[in-house]
Amino acid sequence: MDNKGFFGNWGGAYIPEILHQTFQELHVEYQRAKNDPAFWQEYLHLMRTYSCRPTPLTYAENLSNHFGGARIFIKREDLNHTGAHKANNVMGQGLLVKRMGKKRVIAETGAGQHGMATATMAAKFGFDCTIYMGEVDVRRQRPNVFWMEKMGATVVPVKDGSRTLKDAINEAFRDWVTNIDSTHYVFGTACGPAPFPEMVTWFQSIISEETKEQIKELHGKLPARIYACVGGGSNAMGSFYHYLDTDTELVGVEAGGHGIDSGMHASRLCGTDASPGVAQGYKTMFLQNEDGQMLETHSVAAGLDYVGVSPILSDLWEKKQVRFEAATDKEVMAALDLTMKLEGIIPALESSHAFVQAFKEAPTIAKDEAIIINMSGRGDKDIFTIAHAYDDPSWKEFIISRAAEYSSKS
Amino acid sequence: MDNKGFFGNWGGAYIPEILHQTFQELHVEYQRAKNDPAFWQEYLHLMRTYSCRPTPLTYAENLSNHFGGARIFIKREDLNHTGAHKANNVMGQGLLVKRMGKKRVIAETGAGQHGMATATMAAKFGFDCTIYMGEVDVRRQRPNVFWMEKMGATVVPVKDGSRTLKDAINEAFRDWVTNIDSTHYVFGTACGPAPFPEMVTWFQSIISEETKEQIKELHGKLPARIYACVGGGSNAMGSFYHYLDTDTELVGVEAGGHGIDSGMHASRLCGTDASPGVAQGYKTMFLQNEDGQMLETHSVAAGLDYVGVSPILSDLWEKKQVRFEAATDKEVMAALDLTMKLEGIIPALESSHAFVQAFKEAPTIAKDEAIIINMSGRGDKDIFTIAHAYDDPSWKEFIISRAAEYSSKS
Amino acid sequence: MQLEQILRQRKEKKDILLMTHIVLGYPSFEANREIVRQMVENGVDCIEMQIPFSEPMADGPVILKANQDSLANGTTVAQCIAFGAEMAATYDIPFLFMTYYNILFKHGEDRFFTEAKEANIKGLIIPDLPPEMGENFFRLAKENEIAPILIFAPTSTQERMATLDSMGQGFIYCVARRGVTGKKSSFGDDFNEYLARCRNATRMPIAVGFGIQDKEDIEALKGRADMAVIGSQTIRLVDEQGPEAVGPFIQGLR
Amino acid sequence: MQLEQILRQRKEKKDILLMTHIVLGYPSFEANREIVRQMVENGVDCIEMQIPFSEPMADGPVILKANQDSLANGTTVAQCIAFGAEMAATYDIPFLFMTYYNILFKHGEDRFFTEAKEANIKGLIIPDLPPEMGENFFRLAKENEIAPILIFAPTSTQERMATLDSMGQGFIYCVARRGVTGKKSSFGDDFNEYLARCRNATRMPIAVGFGIQDKEDIEALKGRADMAVIGSQTIRLVDEQGPEAVGPFIQGLR
Ligand SMILES: Cc1ncc(COP(=O)(O)O)c(C=O)c1O
Ligand SMILES: Cc1ncc(COP(=O)(O)O)c(C=O)c1O
């Protein structure tokens with residue numbers, strides 16, 4: 001990051017003037033934390049005693065044999081508290097908020113994972129908490145909303161625009177400009193105005209800090225490739241970070257939705273539908289029309305269904321340091337299925353995108369090489385989406401009979 | 001355990017003759033494993049790389065302050081793979097099954113947790129897998145059934161008796177006597193015929209092996225008390241085991257249901273409704289009538305809703321080495337609520353029973369003492385039960401609208 | 001006279017003996033009475049009367065359901081013992097109780113044996129009580145002269161059979177196959193070999209049970225076993241055609 | 001003539017100037033035309049025309065909805081610029097474009113400035129483009145003599161105000177409070193102190209916006225600000241009573 005928050009041509013901080021001062025303070029606090037070795041130690045202690053870090057690196061023997069190529073290792077962010085890598089970022093920001101002396105946090109959420117993590121952190125740190133969530137997402141992710149509320153957060157359904165993630169981000173910014181003095185906006189991914197992309201990456205880099213040791217222990221050398229799904233880009237940046245200066249090839253997998261040529265996807269760095277733009281406070285590749293209006297995106301995975309992408313990834317893409325691929329909804333369901341059956345592990349729909357690409361490439365990689373799939377989260381909390389996507393008849397019956405019970409009683 | 005499988009007056013192996021040989025083999029294999037230090041190392045490696053062990057011991061600062069007494073620590077079995085302590089036992093038995101050269105596993109399940117864990121283990125080890133589950137439980141735990149099936153297990157709804165856990169156990173025994181040669185019955189708790197109570201306890205003792213180190217690191221000395229919920233007794237035995245010869249007071253918390261005097265509960269060692277009996281292969285305190293017929297039990301937590309209890313716990317109860325208490329459904333919901341709000345942690349309904357008793361006692365314990373609550377599992381997979389128990393209106397609306405979608409399409 | 005002796009005497013006049021099974025209180029004690037009458041009148045040699053238990057782990061679906069329905073009707077252990085006494089007083093064949101160990105344990109083993117003896121019950125079959133677990137039980141059985149009937153299984157080793165033989169009385173119950181009651185067994189080479197092993201391991205009469213359903217099955221056992229056990233099949237019959245179908249069925253078996 | 005000069009001239013004859021706001025294409029360009037006509041005829045001194053953007057992060061619900069509806073109607077940037085040109089050619093007051101940076105960026109900044117200049121647009125308000133991010137933008141603004149209007153916020157330090165003052169042209173837009181457009185502000189002591197700070201920090205005219213809704217608000221600003229900005233209030237009015245209500249409303253403001 002240069003001193004204006006750019007990574008090559010990307011990033012920056014395109015923020016309303018009212019936030020200028022707040023961002024100054026955030027920059028200062030972040031730099032102070034970065035330069036204070038005790039801060040990272042405090043962070044590690046928190047993650048170790050509250051959130052099960054280091055998360056395991058699992059050798060997927062059955063999948064490896066099945067594909068007959070590279071040794072497949074899975075980084076298990078599903079076992080992180082709240083079920084995804086999101087907690088890494090959120091807990092880190094929680095420590096910063098404590099240092100800044102603020103008493104209230106807000107966050108946007110799409111899949112609900114980041115909202116869950118933020119509500120959790122707020123409960124743990126004793127902060128007030130408001131979560132903005134597109135109305136569409138509130139509807140598809142009701143269980144997450146339920147838990148956020150139970151942890152004491154206020155969940156506000158956002159009824160503007162496409163009523164999904166990007167609109168929740170806009171709404172969170174609106175709250176922030178109104179309540180800057182008391183409030184910190186816990187940005188959920190490596191996007192947004194500087195210093196968020198770098199800061200979120202820093203917290204998420206705990207993933208690659210761990211895998212680098214783990215893979216050496218389990219495999220004796222660094223992996224040939226690492227695969228991560230790319231929504232905003234935080235789990236990808238986190239799992240790539242400490243390999244950027246190594247020979248390991250880094251592969252980001254975007255949401256191919258109904259296909260990269262269908263217009264129904266969320267692929268920004270793979271494919272040709274995106275173009276450079278500035279929105280939500282930063283410059284990156286956006287899915288937008290000729291006039292710069294953002295397009296609707298599509299993915300079976302709510303957490304990948306986003307118009308922008310980390311400016312750091314745009315930079316690495318431009319510099320060809322990270323390769324980008326896309327996985328379609330259909331491929332994702334198949335990879336999920338195989339992983340459950342062969343390894344007894346349930347990746348989130350988001351994470352399953354990374355599995356798709358790894359499965360495509362594993363057979364072509366030598367048997368003495370390792371690849372790591374970053375399993376960003378667990379899928380069991382997505383039961384409503386996954387059972388629905390599988391069109392499971394007993395699930396439907398179950399829901400219908402539950403509903404009948406509720407209707408007759410109310 | 002004496003050589004007939006008794007702990008004091010309790011335990012034994014009351015099994016049909018057809019199983020005699022199988023139990024002999026199991027005894028031999030178990031002893032061999034116990035005496036082979038490499039086995040435990042293999043087990044630890046598996047748990048460390050596949051299941052996030054050691055799970056954290058979390059200092060619950062907010063709860064501690066709230067109650068103003070003992071320092072409350074929470075052992076986080078919720079972060080174990082599949083979301084509960086059940087995996088400890090199942091993975092261990094999986095390793096044994098591999099050694100015995102069997103290719104098929106069966107299990108009973110009540111809450112679905114043990115079934116999930118077994119289906120997971122079977123996928124990981126490449127075993128065929130059949131799960132027996134009372135029809136009532138299949139209905140209340142459909143999400144678990146969905147995942148078990150996705151992991152390749154066959155889930156058989158049991159339509160006999162009370163159609164809950166004990167009937168699933170009977171049915172699993174029926175399968176076993178039919179398929180002894182190929183099949184191992186992965187018993188889910190520290191009950192059943194010897195060597196199950198001891199063997200399950202052995203695998204679960206990994207919990208107290210870990211906490212003993214962790215509490216010394218975080219608190220400098222052993223805890224004053226440890227609280228664990230008691231269904232069959234496996235998480236309790238696991239979290240007590242390495243403290244049995246220490247000054248730490250051990251407290252088991254049973255399901256008080258609608259109240260210990262209501263007849264609607266599952267308290268066997270606390271209260272006066274249970275009496276010694278022999279069923280499901282072992283002798284213990286059962287909730288039964290004058291004629292020895294088992295009674296219906298009640299608990300908001302499916303995993304505690306069982307007529308029997310570990311014979312090892314009956315022995316420790318008789319010898320007053322473990323104190324038993326009960327928590328009512330209502331108290332459980334309140335403790336769950338408080339824990340979510342203050343710590344950002346969602347205990348399973350089962351585990352919440354342990355929290356209830358710890359909360360009652362914490363204020364009376366000196367501030368320089370620690371207590372450990374064994375959080376046996378996570379509650380977020382119980383969304384259907386918990387949202388229902390809270391009578392949450394948005395949840396009902398959500399289910400009704402989902403159902404409407406399914407009804408209109410089918 | 002004790003059970004083994006009674007059976008030996010009866011066997012003198014027949015190719016093979018027949019033991020049948022009922023679940024007490026199912027469908028009702030009234031029906032039990034009628035069924036027993038038809039059984040005895042049609043030449044059954046021994047009847048095992050199952051005292052229902054809520055957790056019949058070794059029984060298959062037919063008997064399991066009968067246990068449950070009987071309990072749902074309110075059947076008690078006391079009623080069962082009384083009924084057993086009534087039958088033993090009425091008919092001149094040996095009656096046994098079959099049940100699970102908890103029924104005795106909870107009733108009090110002493111008391112159970114005393115009452116069973118008073119009822120003139122000749123033997124007990126307790127499928128979940130292996131000899132290792134039954135020290136008191138076997139002592140009481142001996143004292144009360146009630147035969148503790150033990151089971152050979154296809155998985156039993158020679159050594160195990162020897163142990164069982166040394167502890168059991170009355171006869172040895174050879175289960176024909178792996179599994180629970182109520183499913184058809186096939187009597188192939190494996191079975192013959194198993195039965196030979198059983199015969200070698202004991203000098204008591206041997207009964208064969210589990211899945212014996214018709215005349216053909218019984219024919220196959222003649223000369224190799226002393227007694228054939230008809231279990232679930234009569235319950236099915238009563239369910240479908242009522243108690244009066246039992247007589248003709250039994251008659252048709254030899 | 002450049003924006004600052006125009007405003008100073010107009011200010012000579014008035015206690016306070018009035019700037020109003022419209023969202024282009026909302027409810028329609030037709031309606032925009034009528035609204036602008038009524039505004040100008042009733043003495044508005046400057047109009048900011050918002051080119052709609054799909055992500056208007058600094059706008060409150062009223063303007064947000066107007067942006068979305070306009071885009072849903074199919075409003076394009078080209079239409080907006082053409083409309084701006086038409087207005088500037090028709091009326092003798094300065095017209096500004098207000099929009100978010102991506103509209104310029106995607107259109108091409110060069111091209112946007114060229115077209116805006118051709119349209120005789122006097123200034124640009126881009127709330128998400130702080131001076132640090134706009135090197136090219138400020139260069140082009142200077143070259144094309146279009147005023148880049150910058151914003152003072154209640155959170156701005158003296159130092160920050162100095163920076164903004166040095167980069168901005170035309171006037172300084174002082175937002176009256178924290179938050180987004182469309183909510184009522186209160187003009188208490190804090191506000192007066194803030195306005196004094198603003199006045200001290202710049203020699204340009206100062207406009208006050210965010211939440212100005214009626215004559216009373218405007219009275220309160222007289223003598224302290226050079227221009228009052230009416231934003232969401234006219235949109236609400238048009239929504240409720242149609243474009244013809246705008247004239248009387250404006251007239252009633254002073
Ligand atoms: C499990 C999981 N993986 C991945 C993502 C995508 O986010 P990112 O690209 O920032 O890792 C999300 C977002 O919600 C998620 O929940
Ligand atoms: C989370 C959890 N805790 C506790 C239990 C009770 O079992 P046990 O007493 O064997 O630990 C269960 C059983 O399903 C469970 O799922």
Side-chain angles (χ1 to χ4, degrees), chain B residues 2-6 11-25 108 158-163 166-167 169-183 192-194 275-284 286-296 307-308, chain C residues 51-61 64-65 67-68 70-72 74-80 99-108 112 126-135 150-157 159-161 163-164 173-175 177-183 210:
Chain B
D2 67 16
N3 65 356
K4 287 185 178 172
F6 282 88
Y14 296 83
I15 48 170
E17 195 54 39
I18 188 101
L19 290 176
H20 180 82
Q21 196 52 30
T22 294
F23 270 85
Q24 290 293 103
E25 287 161 23
E108 85 293 347
V158 177
K159 299 179 185 184
D160 311 309
S162 57
R163 294 168 299 147
K166 72 175 177 56
D167 311 285
I169 292 178
N170 291 333
E171 203 58 32
F173 271 116
R174 290 184 191 107
D175 179 316
W176 205 11
V177 298
T178 312
N179 302 294
I180 4 173
D181 307 315
S182 65
T183 299
S275 59
V278 175
Q280 312 208 303
Y282 67 112
K283 186 187 284 180
T284 197
F286 282 103
L287 287 164
Q288 54 182 336
N289 71 12
E290 295 283 287
D291 262 3
Q293 312 296 355
M294 297 301 142
L295 296 174
E296 299 244 335
V307 289
Chain C
I51 303 175
F53 179 44
S54 56
E55 322 299 314
M57 66 146 61
D59 283 299
L64 169 61
K65 179 173 167 299
N67 273 261
Q68 285 167 6
S70 174
L71 291 175
T75 300
T76 64
V77 174
Q79 286 172 338
C80 293
T99 193
Y100 290 83
Y101 182 56
N102 200 45
I103 297 296
L104 282 75
F105 180 78
K106 183 69 183 166
H107 201 73
F112 190 94
I126 314 292
D128 64 344
L129 190 73
E132 299 76 18
M133 296 293 121
E135 212 172 307
L150 292 186
I151 294 169
F152 283 1
T155 51
S156 305
T157 59
E159 197 192 340
R160 181 65 181 169
M161 284 182 177
T163 307
L164 295 166
Y173 191 131
C174 304
V175 306
R177 52 163 172 74
R178 289 155 174 77
V180 289
T181 54
K183 271 183 230 152
F210 276 42

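Proteins come first, then strands; the chains are lettered A, B, ... in the order of their sequence lines, and each starts at number 1. Note: hydrogens, waters and symmetry copies are ignored here, and every other heavy atom, side chains too, is used.
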Worksheet item: Which distance, rounded to the nearest 0.5 Å, do you find between the OG1 of C:T155 and the CG of B:L19?
Response: 7.5 Å
Worksheet item: Under 3.5 Å, is there a donor-acceptor pair between the side chain of B:D291 and the main chain of C:V77?
Response: yes
Response to the item:
The interface call for C:N67 against chain B, heavy-atom contacts under 4.5 Å, is neither
Fill in: B:K283 side chain near C:M133 side chain, heavy-atom distance below 4.5 Å
no
Worksheet item: Thinking salt bridges, do C:E55 and B:K166 make one under a 4.0 Å N-O criterion?
Response: yes
Fill in: Heavy-atom proximity to chain B below 4.5 Å, by part of C:Q68
side chain
Worksheet item: Can you tell me how far the CD atom of B:Q288 sits from the CG atom of C:N102, to the nearest 0.5 Å?
Response: 4.5 Å
Worksheet item: For B:P193, is it the side chain, the backbone, both or neither that has a heavy atom under 4.5 Å from a heavy atom of chain C?
Response: neither
Practice prompt. Could you look at C:I151 and say if it's the side chain, the backbone, both or neither that has a heavy atom under 4.5 Å from chain B?
Written response: both
Discussion item. Given heavy-atom pairs under 4.5 angstrom as the criterion, report whether the side chain, backbone, both or neither of C:P56 touches chain B.
Written reply: both
Discussion item. Is any side-chain heavy atom of B:P16 closer than 4.5 Å to one of C:M57?
Written reply: yes
Practice prompt. Name the member of C:A153, C:G134, C:P131 that forms the most heavy-atom pairs with chain B at distances under 4.5 Å.
Written response: C:A153
Item to complete: Can you run down the salt bridge (charged side-chain N to carboxylate O under 4.0 Å, His left out) pairs that involve residues 170-181 of chain B, sequence neighbours left out, and say none if there aren't any?
Response: B:R104-B:D175, B:E171-B:R174, B:D181-C:R178
Worksheet item: Considering residues at least two apart in sequence or located in another chain, which fulfil the ring-ring contact (aromatic ring centres under 6.0 Å, His included) criterion with B:F6?
Response: none
Worksheet item: Is there side-chain contact between C:P154 and B:I18, with at least one heavy-atom pair below 4.5 Å?
Response: yes
Worksheet item: Counting heavy-atom pairs under 4.5 Å to chain C, which of B:I169, B:D167, B:V177, B:V307 comes out on top?
Response: B:V177
Fill in: Heavy-atom pairs under 4.5 Å with chain C, option from B:K4, B:M294, B:Q280 with the top count
B:M294
Fill in: Interatomic distance, B:N170 atom CG to C:S54 atom OG [nearest 0.5 angstrom]
8.0 Å
Worksheet entry | Test log, rule side chain to side chain contact (heavy atoms under 4.5 Å, CB included), inputs B:E17 and C:M161 | CA-CA 10 Å; B:E17 195 54 39; C:M161 284 182 177; over 6 Å; no
Item to complete: Verify side chain to side chain contact (heavy atoms under 4.5 Å, CB included) between C:S156 and B:H20, making sure each step is shown before the conclusion.
Response: CA-CA 7 Å; C:S156 305; B:H20 180 82; over 6 Å; no
Fill in: Residue, of C:T76, C:L104, C:L129, that accumulates the most heavy atom pairs under 4.5 Å with chain B
C:T76
Discussion item. Are more than 12 heavy atoms, taken from residues, nucleotides or ligands other than B:E290, located less than 6.0 Å from that residue's CD atom?
Written reply: no
Worksheet item: Is the closest side-chain heavy-atom distance between B:Q293 and C:I103 below 4.5 Å?
Response: yes
Worksheet, complete the sentence: Assert top hit (heavy-atom pairs under 4.5 Å, partner chain C, pool B:A279, B:S275, B:A13) equals B:A13
Worksheet item: Of the backbone (N, CA, C, O) and the side chain (C-beta and beyond), which part of C:L71 lies under 4.5 Å from a heavy atom of chain B, both, or neither?
Response: side chain
Item to complete: Measure distances from C:F105 to the heavy atoms of chain B and classify the residue's part below 4.5 Å as side chain, backbone, both or neither.
Response: side chain
